[in-house]
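What you see below is based on every heavy atom in this structure, not just the backbone, and it leaves out hydrogens, waters and symmetry mates.
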Amino acid sequence: MTLMTMPGKMRQDGQHTFLVMRDERKCQAVCIVDDGTIGDVTTKLGLIEAIASRKLADGELAFDGRVWITPADMPVPAAIS
């Protein structure tokens, strides 16, 4: 199952971004915590959707039923040698 962000369902609020994503069966709320560290969420939606899909499939839901994505969930850029 792959979650996709629903058009017009993104709200940035301070240091968090809230998204409503949907797969073929249901909607899922996703919270991106400390998005200032992550960077521009709109340019990373594909990556964020993949992370949210994996976390939902693995049952990694927060206490409030949302999928939370933190900077620790983001891949670390490879060092330039």
In this structure, would [X] and [Y] fall into the same cluster of hydrophobic residues linked by side-chain contacts under 4.5 Å?
X	Y	answer
Met10	Met74	yes
Leu56	Leu45	yes
Ile69	Val41	yes

Locate the shortest heavy-atom distance separating Pro71 from Val33; write the atom from each residue and the value.
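Where Pro71 meets Val33 most closely, the heavy atoms are CD-O, 3.5 Å.
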Which salt bridge (Lys or Arg N to Asp or Glu O under 4.0 Å) pairs, counting each pair once, include a residue from residues 29-45, with sequence neighbours left out?
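Matches after skipping sequence neighbours: none remain.
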Please list all pairs passing the salt bridge (Lys or Arg N to Asp or Glu O under 4.0 Å) test where one or both residues lie in residues 4-13, with sequence neighbours left out.
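Qualifying pairs, neighbours excluded: none.
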Can any side-chain N or O of Asp58 pair as donor or acceptor with the backbone N or O of Glu60 at less than 3.5 Å?
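Absent.
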In sequence, state the C-alpha distance, the side-chain angles, and the governing distance for Ile48 and Met21, and then conclude on side-chain contact (heavy atoms from CB on, under 4.5 Å).
CA-CA 10 Å; Ile48 290 168; Met21 294 186 179; 3.9 Å; yes
Out of curiosity, [X] [atom1] to [Y] [atom2], how far, rounded to the nearest 0.5 Å?
X	Y	atom1	atom2	answer
Leu47	Ile38	CG	CD1	9.0 Å
Gln12	Leu19	CD	CG	8.5 Å
Lys26	Leu3	NZ	CG	8.5 Å

Ignoring hydrogens and angles, state whether a donor on the side chain of Thr2 or Glu49 is under 3.5 Å from an acceptor on the partner side chain.
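No, no side-chain donor-acceptor contact under 3.5 Å.
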Which pairs with one or both residues in residues 38-74 pass ring-ring contact (aromatic ring centres under 6.0 Å, His included), sequence neighbours excluded?
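Counting only pairs at least two positions apart or across chains, the ring-ring contact (aromatic ring centres under 6.0 Å, His included) contacts touching residues 38-74 are Phe63-Trp68.
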Between Gln28 and Leu61, does the side-chain contact (heavy atoms from CB on, under 4.5 Å) criterion hold? Intermediate values first, please.
CA-CA 10 Å; Gln28 178 65 47; Leu61 300 177; 4.1 Å; yes
CE of Met6: more than 12 outside heavy atoms within 6.0 angstrom?
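Enclosed: over 12 neighbouring heavy atoms sit under 6.0 Å from CE of Met6.
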